[in-house]
Amino acid sequence: MSTMFLFLTYTDCIFKAVVVMMKTDEIEEVFDIMKGPLYNQGDPEHRPILLEAGRQGLIVLRTFNYMCIITCILWVVHPTIKHIQGKIIEFPVWLPFEYNSNPRYYFAALYIVTQTTWEGYANSTIDVLIVFLLVQCKAQISIIRVELQRLVMKSQEEANALSCHFTVIAEKRIKKILVHHRQIVKTADKIQDIFGYAVFYQLLVAGWILCTSAYRMASVTPLSVEFLSMLMYISCILLQVFIYCYFGSEVTYESEMLTESVYFMNWLALPVKLRRTIIIFMERIKRPIRPMACYIVPFSNATFVSIVRSSYTFYAFLKNSNDSST
């Protein structure tokens with residue numbers, strides 16, 4: 001089972017790494033959009049939203065990286081304690097030499113902790129990269145909401161400052177909002193096209209790992225090093241799934257709230273021509289942005305609950321089958 005855990009975790013990481021290497025140009029396109037003028041308008045009202053997005057990404061990155069590193073270290077601490085006690089150790093990887101004698105054991109332990117830590121660090125970093133792209137989409141939708149609610153007021157202020165007609169300024173701002181929203185939709189679609197299949201595989205792997213890890217942890221002595229290592233491993237897998245589902249649902253929620261922001265706008269002050277444009281825009285945003293894995297599984301809180309529930313169901317099945325056989 002330990003070997004299967006490593007195999008699934010490694011294949012998940014390799015899948016995502018291959019996607020990053022093969023679709024570098026498409027990822028660069030997404031970065032270019034996010035570095036463009038629409039995503040960085042320099043408005044002081046946008047700054048808190050962008051800073052909050054960066055803060056969230058940094059917190060998730062550091063938390064996930066540290067959890068993976070601690071988990072990998074605990075995976076080696078447990079067999080090392082048993083080795084010191086004089087017990088025979090079997091690592092979940094094949095090595096071309098006998099490692100139950102010193103100093104070979106410590107070379108093997110160093111190799112395994114280095115390899116698994118590198119994999120965990122790389123895997124968690126790619127996950128946070130994908131999630132941060134979703135966080136950026138959410139932040140840009142929040143910026144559009146701010147622009148919609150203050151459209152009339154800002155247009156009047158700019159028209160007075162430049163001595164221009166209000167309609168000209170308002171039309172320019174509305175067109176900018178429409179183009180900005182189109183860019184966000186394009187970004188979300190590209191993120192889904194690039195990483196959708198890799199994330200779908202990860203969700204499948206995570207469900208299996210959660211149920212088998214819980215099944216294995218049930219037979220481990222509580223508060224032992226092995227128990228703590230399994231608990232940390234399960235926590236990492238749960239966090240890995242949760243960040244996709246949570247931030248994906250945040251993107252969908254912000255997208256659904258766009259219509260409400262339009263209603264908060266003083267749209268009666270706009271000319272009839274611009275009101276028609278706003279109505280057409282409202283029809284467009286009735287279909288919210290819903291990030292999905294493989295165009296099938298939505299990134300939502302309901303998906304997270306479903307994965308945990310199905311994992312528990314499989315765990316209960318395994319436990320009952322074991323009880324029946326004994």
Worksheet item: Is the closest side-chain donor-acceptor distance between Q115 and E119 under 3.5 Å?
Response: no
Discussion item. What verdict does the side chain to side chain contact (heavy atoms under 4.5 Å, CB included) test give for Q240 and I237, after you've listed the backbone C-alpha separation in whole Å, the side-chain angles of each residue and the deciding distance to 0.1 Å?
Written reply: CA-CA 5 Å; Q240 191 177 37; I237 299 299; 3.8 Å; yes
Worksheet item: Does a sphere of radius 6.0 Å around CZ in F97 hold more than 12 heavy atoms from other residues, nucleotides or ligands, not counting ones at 6.0 Å or beyond?
Response: yes
Discussion item. Does this structure show an ion pair linking K16 with D127, if we count only N-O contacts that are shorter than 4.0 Å?
Written reply: yes
Worksheet item: If Ile, Leu, Val, Met, Phe, Trp and Tyr residues are connected whenever their side-chain heavy atoms lie under 4.5 Å apart, and connections chain through other members, are L239 and I73 in the same group?
Response: yes
Item to complete: Could you verify whether a donor N or O on one side chain and an acceptor N or O on the other, from T303 and S306, lie under 3.5 Å apart?
Response: no
Discussion item. When you group the ILVMFWY residues by side-chain heavy-atom contacts below 4.5 Å and let the links chain together, are I307 and Y295 in the same group?
Written reply: yes
Worksheet, complete the sentence: Test salt bridge (Lys or Arg N to Asp or Glu O under 4.0 Å), reference E158, set R150, K172, K176, output is K172
Practice prompt. Would you mind checking if R55 and E52 are paired as a salt bridge, meaning a charged N to carboxylate O distance below 4.0 Å?
Written response: yes
Fill in: C68 to S124 - nearest heavy-atom pair and separation
SG-CB, 3.8 Å
Worksheet item: Heavy atoms, side chains only, cut-off 4.5 Å: are H180 and E147 in contact?
Response: no
Practice prompt. Would you please say whether a donor-acceptor pair under 3.5 Å links the side chains of T80 and Y106?
Written response: no
Item to complete: Check step by step if side chain to side chain contact (heavy atoms under 4.5 Å, CB included) holds for Y105 and F91.
Response: CA-CA 10 Å; Y105 170 82; F91 285 122; 3.4 Å; yes
Worksheet item: Between Y39 and F31, does the ring centroid distance fall short of 6.0 Å?
Response: no
Fill in: Sub-4.5 Å side-chain heavy-atom contact between Y244 and P291
no
Worksheet entry | Intermediate values then yes/no, side chain to side chain contact (heavy atoms under 4.5 Å, CB included), I285 and V262 | CA-CA 10 Å; I285 60 180; V262 174; 4.3 Å; yes
Practice prompt. Evaluate the side-chain proximity of L74 to H78: yes if any heavy-atom separation is below 4.5 Å, no if none is.
Written response: no
Fill in: I289 and C137, any side-chain heavy atoms less than 4.5 Å apart
no
